[in-house]
Amino acid sequence: LASVWYWPFHKSLGRYGQARPAIQQLEAEMAALAQRHPDNAEVLAQYSALLNQLTEFQRISGEFPATLSTQRKGYGVSQRLLNIAPQSPRWQRWMALSEGYLADALLGNGEIDAGVLQWQASITRRERLARADPDDERMQRSLANGYGPLAEALDALGRHPEALVWYERENTLLRQQRTKHPDVKALVLRLDESDRDLALQLLLNGRVAEAVARQRALDGRRGVAFGAAGS
């Protein structure tokens with residue numbers, strides 16, 4: 001019901017004022033439930049997901065210290081899941097996602113070096129999982145979804161040569177997956193986004209001809225006249 005009232009980045013009724021206290025009450029109830037059932041993986045998984053939703057609500061309100069507190073709690077829950085089944089690919093992936101959420105929270109609180117290191121830890125785990133199952137398109141996309149946010153963070157910090165490295169890794173992986181899995185629609189939009197971001201980063205690094213060529217190719221693929229959208 002709270003998600004129907006308000007859910008970031010999804011269709012909802014836009015009633016943030018109703019949804020926020022409901023989510024907070026649920027978090028308290030789930031914390032108590034997780035305490036009563038410390039080894040129940042499904043309880044812990046639902047609690048972790050709820051903490052991520054609460055983080056989004058806190059970020060919307062600009063409560064960045066609260067987001068960090070919530071994500072440190074979420075990281076702890078993910079670690080408990082791993083302790084239950086250390087070799088589980090599901091909980092390994094859960095931890096990689098948790099590491100990414102924590103990295104974003106650290107960056108949002110100005111803890112830049114810690115946030116970058118946390119993103120790198122998440123990427124290392126995602127790379128290990130991707131190598132273990134190279135045919136799992138979703139896991140490969142999860143890896144690309146680690147490269148991209150780190151690149152965005154470095155770009156926002158003005159560290160463009162570092163950002164370019166990660167944008168290029170993201171783009172290479174997505175292009176490979178697009179070729180390998182042509183029927184996966186999610187890859188179409190992700191590759192378009194990656195080409196756009198990479199073109200801009202090439203430009204910021206002074207590689208103008210490459211940037212223009214990549215943007216032209218993207219516009220041609222999308223059927224857009226070059227420059228018509230302010231690119």
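Just so you know, these numbers use all the heavy atoms, side chains as well, and skip hydrogens, waters and symmetry mates. Note that the structure is predicted; figures quoted are calculated from it, not measured.
In terms of heavy atoms, A45 sits closest to R90 at CB-NH2, 4.5 Å. Shortest non-hydrogen contact noted between S12 and S3 is CB-O, 3.7 Å. Contact between N171 and S194 at its shortest, heavy atoms only, is ND2-OG, 3.0 Å. The shortest heavy-atom contact between Q140 and A130 is NE2-O, 3.0 Å.
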Query - Stepwise side-chain contact (heavy atoms from CB on, under 4.5 Å) check, H37 with L44 - result: CA-CA 8 Å; H37 303 280; L44 294 176; over 6 Å; no

Requested in this report: In sequence, state the C-alpha distance, the side-chain angles, and the governing distance for F57 and Y6, and then conclude on side-chain contact (heavy atoms from CB on, under 4.5 Å).
Outcome: CA-CA 9 Å; F57 278 55; Y6 191 89; 4.0 Å; yes

Requested in this report: Any chance you could lay out the side-chain contact (heavy atoms from CB on, under 4.5 Å) test for L68 and E111, step after step, and finish with the verdict?
Outcome: CA-CA 10 Å; L68 183 54; E111 298 186 33; 3.5 Å; yes

Query raised in the report: Can Q201 and N205 be said to form a side-chain contact (heavy atoms from CB on, under 4.5 Å), step by step?
Result: CA-CA 6 Å; Q201 206 58 219; N205 278 273; 3.7 Å; yes

Report task. Please assess N145 against R126 for the test side chain to side chain donor-acceptor pair (under 3.5 Å), listing each intermediate value before the final yes or no. Result -> CA-CA 9 Å; N145 291 343; R126 293 173 198 230; over 6 Å; no

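Side chain of S122 to backbone of Q118: no donor-acceptor contact under 3.5 angstrom is found. Without hydrogens or angle criteria, R169 side chain to L173 main chain gives no donor-acceptor distance under 3.5 Å. Judged by distance alone, with hydrogens and angles left aside, the side-chain atoms of N109 form a donor-acceptor pair with the main-chain N or O of F64 at under 3.5 Å. Using modelled atom types, no side-chain atom of S61 and backbone atom of E63 make a donor-acceptor pair closer than 3.5 Å.
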Tabulate below the donor-acceptor pairs under 3.5 Å that side-chain atoms of residues 91-107 make, not counting sequence neighbours, or state none.
unit_1, atom_1, unit_2, atom_2, d
Q92, OE1, R125, NH1, 2.7
Q92, NE2, P86, O, 2.9
W94, NE1, S48, OG, 2.9
S98, OG, S78, OG, 3.4
E99, OE1, R125, NE, 3.2
E99, OE2, R125, NE, 3.4
E99, OE2, R125, NH2, 3.0
D104, OD1, W119, NE1, 3.1

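With sequence neighbours left out, the side chain to side chain donor-acceptor pair (under 3.5 Å) criterion links Q176 to no other residue.
Side chains of N52 and Q71: a donor-acceptor N/O pair is present below 3.5 angstrom, by distance only. Side-chain contact annotation: E42 with Q46, donor-acceptor N/O pair under 3.5 Å absent. Donor-acceptor pairing under 3.5 Å is recorded for the side chains of Q215 and D219. For the residue pair E56 and T67, no side-chain donor N or O sits within less than 3.5 Å of a side-chain acceptor on the partner.
When the shell of 6.0 Å around CZ of R159 is examined, it contains more than 12 heavy atoms from other residues, nucleotides or ligands.
In this structure, R190 does not pair ionically with E137, as no charged nitrogen and carboxylate oxygen lie closer than 4.0 Å. Residues R221 and D192 are paired through a salt bridge, judged by an N-O separation under 4.0 Å between the basic side chain and the carboxylate.
A continuous path of Ile, Leu, Val, Met, Phe, Trp and Tyr side chains, each step under 4.5 Å between heavy atoms, connects I23 with L33, placing both in one hydrophobic cluster.
Under the 6.0 Å cut-off for aromatic ring centres, Y167 and Y147 do not qualify, their centroids lying 6.0 Å or more apart.
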